[in-house]
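The next block holds one structure in the form of structure tokens; read it before the comments.
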Amino acid sequence: NALIVFKKPLVLARYTGRQSMSHTPDASVKQLQEQFNQKEASYFLLYSGLPDEALENYLKNQSKNMALVWIDQDFKLYQKK
């Protein structure tokens with residue numbers, strides 16, 4: 001039932017059946033934090049084929065609060081601690 005943040009949330013929802021959301025692409029780390037807290041997002045997915053600078057910056061800034069839970073050649077999935 002966890003909410004996953006991903007650049008293309010409709011694609012993720014369609015192919016996995018999981019709840020997903022995107023974010024404002026040019027948002028600051030603080031703005032992203034507010035968006036994610038409001039929606040109670042707990043997972044964050046990066047795909048190497050779709051760069052997402054805002055989410056990458058957020059994850060770097062919040063690295064103490066994140067755990068890398070899965071990785072392959074294309075994807076990285078982080079979970080909020």
Side-chain angles (χ1 to χ4, degrees):
N1 294 334
L3 180 67
I4 302 170
V5 176
F6 184 56
K7 189 166 187 167
K8 297 289 186 179
L10 295 177
V11 172
L12 187 65
R14 180 181 176 113
Y15 290 104
T16 66
R18 301 286 183 165
Q19 287 186 318
S20 58
M21 70 170 279
S22 188
H23 57 81
T24 308
D26 58 348
S28 68
V29 169
K30 182 179 179 182
Q31 290 168 324
L32 291 178
Q33 181 72 42
E34 291 170 1
Q35 290 176 31
F36 300 153
N37 285 343
Q38 181 182 21
K39 297 291 185 178
E40 299 180 1
S42 53
Y43 288 89
F44 305 86
L45 184 62
L46 293 175
Y47 171 53
S48 61
L50 284 172
D52 189 344
E53 188 176 334
L55 184 56
E56 289 175 19
N57 287 337
Y58 172 79
L59 292 169
K60 285 177 188 173
N61 183 273
Q62 296 294 312
S63 62
K64 294 177 187 176
N65 303 320
M66 298 292 166
L68 180 62
V69 294
W70 188 79
I71 187 171
D72 73 4
Q73 64 187 17
D74 296 315
F75 292 94
K76 290 181 183 178
L77 181 65
Y78 293 86
Q79 180 180 17
K80 188 176 182 180
K81 293 180 185 178

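Start at 1 with the first residue, then count along the sequence. Computed over heavy atoms, backbone and side chain alike; hydrogens, waters and symmetry mates excluded.
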Return all side-chain donor-acceptor pairs below 3.5 angstrom for residues 12-23, not counting sequence neighbours, or 'none' if the list is empty.
residue : atom : partner : partner atom : Å
Thr16   : OG1  : Leu12   : O            : 2.5
Thr16   : OG1  : Arg18   : N            : 3.2
Ser20   : OG   : Pro9    : O            : 2.6
His23   : NE2  : Asp52   : OD1          : 3.2
His23   : NE2  : Asp52   : OD2          : 3.0

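Side-chain contact between Trp70 and Asp72 is present, with at least one heavy-atom pair separated by less than 4.5 Å. Residues Asn37 and Lys80 are in side-chain contact: their nearest non-hydrogen atoms beyond the backbone lie under 4.5 Å apart.
Judged purely by atom type and a 3.5 angstrom limit, Lys7 uses its side chain to pair as donor or acceptor with the backbone of Pro51.
Val11 and Leu46 are not part of a single hydrophobic cluster, where members link through side-chain heavy atoms under 4.5 Å apart. With hydrophobic clusters built from ILVMFWY side chains whose heavy atoms lie under 4.5 angstrom apart, Tyr58 shares a cluster with Leu3. Two different hydrophobic clusters hold Leu45 and Leu68 under the rule that ILVMFWY side chains link at heavy-atom gaps under 4.5 Å. In terms of hydrophobic clustering, with Ile, Leu, Val, Met, Phe, Trp and Tyr side chains grouped at heavy-atom distances under 4.5 Å, Val5 and Tyr43 are assigned to different clusters. Connection of Met66 to Phe75 is not established within any shared hydrophobic cluster, with ILVMFWY side chains joined at heavy-atom distances below 4.5 Å, either directly or through further cluster members.
Interatomic distance, OG of Ser48 versus CD of Gln73, reported as 8.0 Å (0.5 Å rounding). Between atom NZ of residue Lys76 and atom CD1 of residue Ile71 there is a gap of 5.0 Å, rounded to the nearest 0.5 Å. Of the inter-residue distances, the one linking Leu55 atom CG with Gln62 atom CD reads 11.0 Å to the nearest 0.5 angstrom.
When every heavy atom of Leu32 is checked against every heavy atom of Ala27, the shortest pair comes out as CD2-CB, 3.7 Å. Between Ser42 and Ala2, the shortest heavy-atom contact is OG-CB, 3.6 Å.
Checked against side-chain contact (heavy atoms from CB on, under 4.5 Å), Lys30 has the following partners two or more places apart in sequence or in another chain: Ser28, Glu34.
For Lys60, the NZ atom is loosely surrounded, since the number of other residues' heavy atoms within 6.0 Å does not exceed 12.
For Thr24 and Gln31, the side-chain atoms include no donor-acceptor pair closer than 3.5 Å.
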